[in-house]
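Data first, discussion second: the structure below is written as structure tokens.
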Amino acid sequence: MIRTALTHHMPHTLREAGDLLGGLDGTTAVLGGGTMLVPAMGRGERTYDHVVDLRRLGLSGVTSTADEVELGAMTTYSAVLAADVDGPANLLKRLAAGITGGPQLRNQGTVGGSASYANPSSDVPAALVATGARLSLHGANGVREVTAAQFFRDAFETVLAGDEIVTKIRIPKNDARTGYFKLKLSESSWPIATGAAVAAHTDGRLTQATVTLGGVCATPVTVDVTECVDERGVLTVSDREWAELIEQHLEDPWDDELAPASYRQQVAGVVARRAWEETIQDGEQ
Ligand SMILES: Cc1cc2nc3c(=O)[nH]c(=O)nc-3n(C[C@H](O)[C@H](O)[C@H](O)COP(=O)(O)OP(=O)(O)OC[C@H]3O[C@@H](n4cnc5c(N)ncnc54)[C@H](O)[C@@H]3O)c2cc1C
């Protein structure tokens with residue numbers, strides 16, 4: 001139960017939402033699916049004078065064109081699972097299938113909410129960076145677009161200004177093969193480390209190989225592993241060399257109650273390799 005008084009606003013247009021967020025006096029929170037925010041308010045960890053609820057803005061749903069897959073920021077994990085998508089956006093389906101918390105969380109938690117929360121131990125940030133996603137941010141002064149790599153600034157910190165909300169996430173379509181691997185303590189726990197691998201192809205040839213790691217640092221880390229694989233994607237370096245390359249990219253590994261930084265540093269190479277190996281299976285399907 002939320003024990004502090006607040007005003008609940010439910011704008012019907014983006015303009016109304018921007019004006020509210022830019023003009024309200026007092027502390028204000030944006031409400032997505034509420035799976036993180038509402039329990040935190042119930043526990044008294046977060047208190048606000050105003051809550052701006054996004055549910056009437058029509059920001060749910062997945063649409064696909066020849067060039068990209070577009071997700072409204074309020075699209076739930078369940079809606080991602082049900083959507084007919086192809087190309088790199090398939091990574092989000094893999095991710096949604098493995099989100100813990102059961103049907104309630106999948107039916108309520110949103111991709112835009114998870115991105116905006118920017119928890120390092122979350123599946124969403126690294127997957128968005130790996131797929132080259134772009135986010136539309138809407139505020140009192142209009143819309144701007146940023147890449148996912150620009151969006152995540154630090155742990156629990158994004159480039160969103162106080163009057164801005166995420167409205168759309170767009171993922172380019174191409175021939176890339178993808179792989180996803182998540183390391184967690186148990187079936188019901190959050191990820192300790194995730195790997196989102198992308199094997200880009202031009203005319204059927206592997207042209208770039210990357211693995212984006214989530215959970216291992218404050219923000220997602222992308223490692224170019226093109227030099228470590230052959231044209232079929234098979235590793236041409238030893239496991240040790242691979243792990244050393246990954247480790248070189250981990251500045252200040254993330255430390256929280258799930259796992260210490262030293263553990264994350266140690267497992268990052270294996271997580272990246274397992275994600276990469278899935279791109280080969282993806283190509284065989
Ligand atoms: C039991 C449980 C299990 C979970 N398991 C996993 C897991 O396995 N992997 C994983 O990655 N995550 C997991 N999560 C986290 C879950 O993914 C997030 O709680 C959820 O996605 C947040 O989305 P939401 O829409 O509910 O956000 P909210 O709780 O509504 O908001 C989260 C934050 O983002 C802001 N916000 C929300 N939407 C927007 C927007 N469109 N624009 C700007 N700001 C916005 C809010 O102001 C708030 O600060 C789990 C959570 C629970 C409770």
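Here the structure is a predicted model, which is why all the values come from computation and not from measurement. Order of appearance sets the numbers: ligands from 1, and atoms from 1 within every ligand.
For atom 5 (N) of ligand 1, the nearest non-hydrogen atom from the set Thr76, Thr100, Leu31 belongs to Thr100.
Judged by the shortest distance from any of its heavy atoms, Gly34 lies inside the 4.0 Å radius around the atoms of ligand 1. By the 4.0 Å heavy-atom criterion, Met74 is excluded from the residues contacting ligand 1. Residue contact check for ligand 1: Arg46 places a non-hydrogen atom closer than 4.0 Å to it.
Looking at ligand 1, you won't find any N or O of Ala29 less than 3.5 Å from one of its N or O atoms. The shortest N/O to N/O separation between Leu37 and ligand 1 falls below 3.5 Å. Ligand 1 has an N or O atom lying under 3.5 Å from an N or O atom of Val30, backbone or side chain. The distance criterion of under 3.5 Å between nitrogen or oxygen atoms is met by Gly33 with respect to ligand 1. Looking at ligand 1, you'll find an N or O of Gly32 within less than 3.5 Å of one of its N or O atoms. Considering backbone and side-chain N/O of Met36, one or more are found under 3.5 Å from N/O of ligand 1.
Panel note: side chain Thr219, backbone Phe152; no donor-acceptor pair is recorded below 3.5 Å. Looking at Arg264, its side chain does come within 3.5 Å of a backbone N or O of Ala259 through a donor-acceptor pair. Asp203 places no side-chain N or O within 3.5 Å of a backbone atom of Arg205 that could act as its donor or acceptor partner.
Under the 4.0 Å criterion applied to side-chain N and carboxylate O atoms, Glu278 and Arg274 are not assigned as salt-bridge partners.
Contact atoms of ligand 1 toward Thr110: 21 (O), 23 (O), 24 (P), 25 (O) (distance under 4.0 Å to a heavy atom of the residue).
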